[in-house]
Visitor: 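Handing you a structure now.
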Amino acid sequence: MRRVYIAAAAVFLLDQATKLWIVQGLRLHERMAIDVLPPYLNLRMAWNYGVNFGLLSDSSPLTRWALIAVALVLSGWVLWWMHREPRPLGRISGGILIGGAIGNVVDRLTYGAVADFLNMSCCGLENPFSFNVADIAIFAGAAGLILFTGERKKTP
């Protein structure tokens, strides 16, 4: 279980450190946009009151607390699941997902919304959405859980 906790703590700390540095330190919440390597990497401030891509984003207190509760319940469920997971990459994936989810919960508690700021575009396609380190971790952790957990197929 140590791998789960280390992965979760590392992701959580990286997520919160980048948000503190970029949103507060670079004052992105005031500037709203900073071009880093246009169009490939830009900083674009977006307060996400909903889930991915702004779904369920009515910014009501009920939605905020419901999303916090869902993230905490799912994190608890993944943690419980990881107690039974013997594969190290599965446990690391679970920790990565938990760290990202808790990072976004802290945002909702602190700001009332998730602080998204990374924006990437390429090849003539302009991406209108922003994301953060926690979002990357949630996606990567979920992919890792699919790839690295479950019963191993028995070979004859």
Side-chain angles (χ1 to χ4, degrees), residues 3-79 81-82 89-149:
R3 286 184 172 100
V4 175
Y5 297 121
I6 290 170
V11 166
F12 174 78
L13 291 172
L14 179 62
D15 175 63
Q16 292 300 299
T18 57
K19 288 172 182 169
L20 184 62
W21 171 47
I22 292 171
V23 176
Q24 303 297 328
L26 296 178
R27 295 182 356 263
L28 187 64
H29 65 292
E30 296 170 3
R31 297 168 70 180
M32 299 306 289
I34 300 172
D35 290 336
V36 179
L37 294 170
Y40 307 109
L41 176 61
N42 299 300
L43 303 177
R44 300 288 186 259
M45 191 69 230
W47 294 105
N48 187 349
Y49 295 93
V51 293
N52 285 1
F53 308 115
L55 297 172
L56 303 175
S57 61
D58 67 6
S59 75
S60 75
L62 179 62
T63 301
R64 175 184 172 205
W65 290 105
L67 291 173
I68 289 170
V70 167
L72 292 174
V73 167
L74 287 175
S75 294
W77 179 77
V78 170
L79 186 61
W81 175 15
M82 293 301 100
L89 288 176
R91 286 188 171 191
I92 291 168
S93 298
I96 289 170
L97 187 146
I98 291 167
I102 299 303
N104 281 346
V105 164
V106 167
D107 281 13
R108 290 186 196 284
L109 292 171
T110 304
Y111 303 118
V114 174
D116 289 336
F117 54 86
L118 295 169
N119 176 269
M120 302 175 85
S121 296
C122 179
C123 314
L125 299 173
E126 189 169 330
N127 177 16
F129 301 105
S130 293
F131 54 96
N132 61 41
V133 171
D135 297 336
I136 296 166
I138 292 166
F139 180 82
L145 289 176
I146 291 167
L147 295 172
F148 304 123
T149 62

Visitor: Return the minimal non-hydrogen interatomic distance between R91 and M82, and the atom names on each side.
Guide: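 It is NE-O, 3.2 Å.
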Visitor: Are any non-hydrogen side-chain atoms of R44 and L28 less than 4.5 angstrom apart?
Guide: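 A side-chain contact is absent here, since even the closest heavy-atom pair is not under 4.5 Å.
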Visitor: If you round to the nearest 0.5 Å, how far is CZ of R27 from CE of M32?
Guide: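 Reported value, rounded in 0.5 Å steps: 13.5 Å.
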Visitor: Between A8 and I98, which heavy-atom pair has the shortest distance, and what is it?
Guide: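 Distance-wise, the nearest heavy atoms are CB-CG2, 4.2 Å.
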Visitor: Atom OG1 of T63 and atom CZ of R108: how far apart are they, to the nearest 0.5 Å?
Guide: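 Result: 9.5 Å between the selected atoms.
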Visitor: What heavy-atom pair brings M120 and L41 nearest, and what distance separates the two atoms?
Guide: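 Heavy-atom minimum between the residues: CG-CD1, 4.2 Å.
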Visitor: Would you say T18 and N132 make side-chain contact, with heavy atoms under 4.5 Å?
Guide: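 No - every pair of side-chain heavy atoms lies 4.5 Å or more apart.
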Visitor: Restricting to non-hydrogen atoms, name the atom on A134 and the atom on G100 that form the minimum distance, rounded to 0.1 Å.
Guide: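 Here A134 and G100 meet closest at CB-O, 3.2 Å.
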Visitor: Is the shortest side-chain heavy-atom distance between I102 and L72 below 4.5 Å?
Guide: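 Side-chain contact under 4.5 Å: yes.
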Visitor: Of the non-hydrogen atoms in A115 and D107, which two are nearest, and what is the gap between them?
Guide: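 Minimum heavy-atom separation between A115 and D107: N-OD2, 3.0 Å.
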Visitor: First locate atom CD1 of I96, then atom CG of L89, and finally report the distance between them rounded to the nearest 0.5 Å.
Guide: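 The distance works out to 9.0 Å.
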Visitor: Taking the side chain as every heavy atom from C-beta outward, state whether V106 and F12 have any atom pair closer than 4.5 Å.
Guide: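 V106 reaches F12 side chain to side chain.
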Visitor: Does either side chain, that of D135 or that of N104, offer a donor lying less than 3.5 Å from an acceptor on the other one?
Guide: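 Yes, N104 and D135 have a side-chain donor paired with an acceptor closer than 3.5 Å.
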Visitor: Is the count of non-hydrogen atoms from other residues, nucleotides or ligands lying under 6.0 Å from Y111 atom OH greater than 12?
Guide: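 Yes, enclosed.
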Visitor: Atom CD1 of I34 and atom CG of L26: how far apart are they, to the nearest 0.5 Å?
Guide: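 Result: 5.0 Å between the selected atoms.
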Visitor: Is any NZ, NE, NH1 or NH2 atom of the basic residue among D116 and K19 found under 4.0 Å from an Asp or Glu carboxylate oxygen of the other?
Guide: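 No, no charged N to carboxylate O under 4.0 Å.
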Visitor: Do L79 and Y5 have side chains that get closer than 4.5 Å, going by heavy atoms?
Guide: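 In short, these two side chains touch, coming nearer than 4.5 Å.
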Visitor: Do H29 and F117 come within less than 4.5 Å of each other through their side chains, counting heavy atoms only?
Guide: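 SC-SC contact between H29 and F117 ruled out.
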Visitor: Are any non-hydrogen side-chain atoms of L118 and I136 less than 4.5 angstrom apart?
Guide: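 L118 vs I136: side chains touch.
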Visitor: Minimum heavy-atom separation for A71 and V105, please, with both atom names.
Guide: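 For A71 and V105, the tightest heavy-atom pair comes out as CB-CG2, 3.5 Å.
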Visitor: Given V23 and W47, is the side chain to side chain contact (heavy atoms under 4.5 Å, CB included) satisfied, shown in steps?
Guide: CA-CA 11 Å; V23 176; W47 294 105; 4.2 Å; yes
Visitor: Could you check E126 against N119 for side chain to side chain contact (heavy atoms under 4.5 Å, CB included), going step by step and ending with a plain yes or no?
Guide: CA-CA 9 Å; E126 189 169 330; N119 176 269; 6.0 Å; no
Visitor: Is there a side chain to side chain contact (heavy atoms under 4.5 Å, CB included) between W65 and V70 once you walk through the steps?
Guide: CA-CA 9 Å; W65 290 105; V70 167; over 6 Å; no
Visitor: Can you list the steps and then say if T149 with W81 is a side chain to side chain contact (heavy atoms under 4.5 Å, CB included)?
Guide: CA-CA 10 Å; T149 62; W81 175 15; 3.4 Å; yes
